[in-house]
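Values reported hereafter were calculated over all heavy atoms of this structure, with side chains retained and with hydrogens, waters and symmetry mates removed. To find a chain, count down the sequence lines: A is the first, B the second, and so on, and within it residues start at 1.
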There are 2 protein chains.
Amino acid sequence: MTVTLADVAARARVSPATVSRVLNGNYPVAASTRERVLRAVDDLDYVLNGPASSLAAATSDLVGILVNDIADPFFGIMAGAAQTQIGGPGDGSGRAGGEKLAVICNTGGSPERELTYLTLLQRQRAAAVVLTGGAVENPAHQAAMSAKLAKLADAGTRIVFCGRPPLPEGDALVAALTFDNRGGGRRLAEHLVSLGHRRIGYVAGPPERTTTRHRLEGHREALRAAGLDAAPAGADRDRSSDDQERLTVHGPYDRRSGYEATLELLRRAPDVTAIVAANDTVALGACAAVRDQGMRIPQDISVAGFDDLPFSVDAVPALTTVRLPLFEAGARAGRLAMGKENPPPGGIATIAAELMIRGSTAAPRG
Amino acid sequence: MTVTLADVAARARVSPATVSRVLNGNYPVAASTRERVLRAVDDLDYVLNGPASSLAAATSDLVGILVNDIADPFFGIMAGAAQTQIGGPGDGSGRAGGEKLAVICNTGGSPERELTYLTLLQRQRAAAVVLTGGAVENPAHQAAMSAKLAKLADAGTRIVFCGRPPLPEGDALVAALTFDNRGGGRRLAEHLVSLGHRRIGYVAGPPERTTTRHRLEGHREALRAAGLDAAPAGADRDRSSDDQERLTVHGPYDRRSGYEATLELLRRAPDVTAIVAANDTVALGACAAVRDQGMRIPQDISVAGFDDLPFSVDAVPALTTVRLPLFEAGARAGRLAMGKENPPPGGIATIAAELMIRGSTAAPRG
DNA sequence: CTGTTAGCGCATTCAG
DNA sequence: CTGAATGCGCTAACAG
């Protein structure tokens, strides 16, 4: 029923080994034989048996790209970019030559599913794995991840991080591209401070994510530098950080959370003049909440996001945010995974985050 | 170096066959032996060799989900939803039991890459393939797709369409879930007509896509029903359809295209009072162009989209659009691919599209 | 440059 | 319920 390499060999009047050689192309074969073999392949409509091939070669052409939430363009853009570098251009025949199969795996942000996917990819003897986006900072999970990644690396799988800080004991990986979330958060806060804002609300992401923590740390760093973490005169240091806590609400990275967290924030601290959101999607929800409370952006309250997703420039007013070069980073991660590009010195590269000042932020009233 | 089934068998003091049986769980094994085997698996940190397993069983646990553009939430939402039904919940240990590996493949809308991915999945002896979104209506490509899908189906791969019309000769597939794009387009146009619009511009998607065609057909159907395809008095029928052509600009499904096509439309027909976009992303670009021309939405010109992506409700004014239940459709496609749900009668189900009237459309001026 | 020879690790007969 | 034997389809040494 199903045609095998041996069938092709028979028809081309060569040995199976020769067919294998022309198919894999990494071995000298006479042009005329190659020609004959390829014709036989086409005649018979032969398709390589991947599992058999992987078994014999002890490696597969699968490359996994793990994302936290594929419905979020933040991940979609990075993953799509990575695939462009991995999938190969195709030869237009749909015949599929030495292409890798770049596949996206959606963990939904769940640590268990992240590990499960890694195990599944390990099973398949994946050629490489790209992990994108923030990591969960749970010690047990981090340990499990380190162990799993070490095992993958042992088995020859290339590991690349994209938009994720390297693990503490993570020397198994080829390279880590990390975004300067802290610096971006800092510059965004500095921008608001320089406009004259003194009470700034922060709608943060889930507490255990590195992305959340780094952005928030940058934010607070800037406030501290501006002397804004000081509580009202006479209060002690604890009060001061309590105050910052009161100005921060955590939630998932989605629009709805941005909406609800903003309402909560406005209830807790009606005197805030600006709201910084964990990312652009959350910022959109924040904008909606602000408007539903009858306030105008930016006249009554400024709002800012993070990431600079494509829709952010089209918000009204256009969203002030921090641009992350998601496509470029994803593409680079893809190239690193393929070994097409040399890892950065030390294996770690920090990718700059650029402040984009637009209409949604302005000086506070009065 | 790498631990195999035989190693586990040795440690558990059973035969390899028995280990295989407990791992696959589809065969009676004594509880005590099972216990022993599982412990050995954990002790040795054994991970099944996927290729070997697939080779022997002649089927793999790979499920492919093809999308046109993963950076677009339209696809991200469907693909993510499908994965939730396929990936299995995981057992929390990251050990990975009988889970399928649901993977997303990004074709970038290219017919060649679509075929290449199918070939790659065919190589892997994928258990199922889900094809999402509009298809390219090129006869050669359609024929190639039919042939390829037939071969996949022959090899036991389940084929499911999601948001894509069945192929002409496509009886290889398990099921097709198709969106009522035509009906949605019709109702949207009817809505505008009922508001009093007579000159409606249309920013369409790429010409060869089924989605583009169906939405546009619905749109024109409604106009025709309202007698609006008639050219100005005295003109003949040809002039009439020429006029509709003049009110239509094609382009890719992205924001930038929406922006540029709208400028072009406004140049061609400055008297349009409403613009319908191929989808919400395009609509966002259209809105930006309209504003940059100094016009207000909806006072000076109405704008509408399609899909009702999450950000659409947050546009200002909120976008009138047609809602497609992307998550539900994706999830259902996932279940069909897994054989967890029975196919609809005839294998084809049409999914309703709901008109969402919001602030971006209103009666024309005067 | 090409053919021959062995497995790769597992699922599945078939016996017991 | 369990073990022994066979082969899935291909690649990778080795020889020529």
Side-chain angles (χ1 to χ4, degrees), chain A residues 1-38 40-41 44-62 96-98 120 122-125 127 155-156, chain B residues 1-38 40-41 44-62 96-98 120 122-125 127 155-156:
Chain A
M1 184 62 233
T2 157
V3 27
T4 76
L5 210 169
D7 299 333
V8 175
R11 188 171 227 277
R13 316 171 117 270
V14 295
S15 76
T18 301
V19 177
S20 172
R21 295 200 262 254
V22 334
L23 256 32
N24 292 314
N26 37 13
Y27 217 82
V29 173
S32 63
T33 0
R34 177 211 274 14
E35 205 46 50
R36 216 147 24 97
V37 169
L38 286 180
V41 166
L44 266 41
D45 240 350
Y46 170 68
V47 175
L48 188 70
N49 183 319
S53 166
S54 298
L55 174 57
T59 116
S60 86
D61 52 4
L62 248 197
L120 254 14
Q122 183 183 6
R123 264 194 200 171
Q124 305 296 335
R125 304 300 187 250
Chain B
M1 184 62 234
T2 156
V3 28
T4 77
L5 211 170
D7 299 332
V8 175
R11 187 171 227 278
R13 316 173 117 269
V14 295
S15 76
T18 301
V19 177
S20 171
R21 296 199 259 253
V22 333
L23 256 32
N24 291 313
N26 37 13
Y27 215 81
V29 173
S32 63
T33 11
R34 176 210 278 2
E35 206 45 51
R36 214 145 26 95
V37 168
L38 287 180
V41 166
L44 265 42
D45 240 350
Y46 170 68
V47 174
L48 188 70
N49 183 319
S53 166
S54 298
L55 174 57
T59 114
S60 85
D61 51 4
L62 247 196
L120 253 14
Q122 183 182 7
R123 264 194 200 172
Q124 305 295 334
R125 305 300 188 251

Let me see the working for A/Val22 and A/Val14 under side-chain contact (heavy atoms from CB on, under 4.5 Å), right down to the final yes or no. CA-CA 11 Å; A/Val22 334; A/Val14 295; over 6 Å; no

Would a distance-only check, ignoring hydrogens and angles, find a side-chain to backbone donor-acceptor pair under 3.5 Å from B/Arg125 to B/Ala58?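 Here the side-chain-to-backbone pair does not exist.
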
Where is the tightest heavy-atom contact between [X] and [Y], given as atom of each residue plus distance?
X	Y	value
A/Ala127	A/Ser60	CB-O, 3.4 Å
B/Arg21	B/Val29	CB-CG2, 3.9 Å
B/Leu55	A/Ala52	CD1-CB, 3.6 Å
B/Thr33	B/Ala30	OG1-O, 2.9 Å

Base contacts versus sugar-phosphate-only contacts with protein, heavy atoms under 4.0 Å: please encode nucleotides 11-16 of chain D as B, S and - from 5' to 3'. SBB---

Leading and trailing nucleotides of DNA chain C with any atom under 4.0 Å from heavy atoms of chain A: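 That gives a stretch of C/dC1 to C/dG9.
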
Hey, is the side chain of B/Thr18 poking within less than 4.0 Å of OP1 or OP2 on D/dT2, counting only N and O atoms?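 No, B/Thr18 has no side-chain N/O under 4.0 Å of OP1/OP2 on D/dT2.
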
Rounded to the nearest 0.5 Å, how far does CZ of A/Arg123 lie from OG of B/Ser54?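 Those atoms lie 9.5 Å apart.
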
Mapping B/Val14 and A/Val47 to their closest nucleotides on DNA chain D, which lands nearer the 5' end?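 Its nearest nucleotide lies further toward 5', so the answer is B/Val14.
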
Could you check if a side-chain atom of A/Leu23 sits within less than 4.5 angstrom of a side-chain atom of A/Val8, using non-hydrogen atoms only?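 The answer is no; the side chains never approach within 4.5 Å.
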
Quick one: B/Leu55 CG to D/dT6 P, roughly how many Å, whole number?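 Nearest whole value for this atom pair: 18 Å.
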
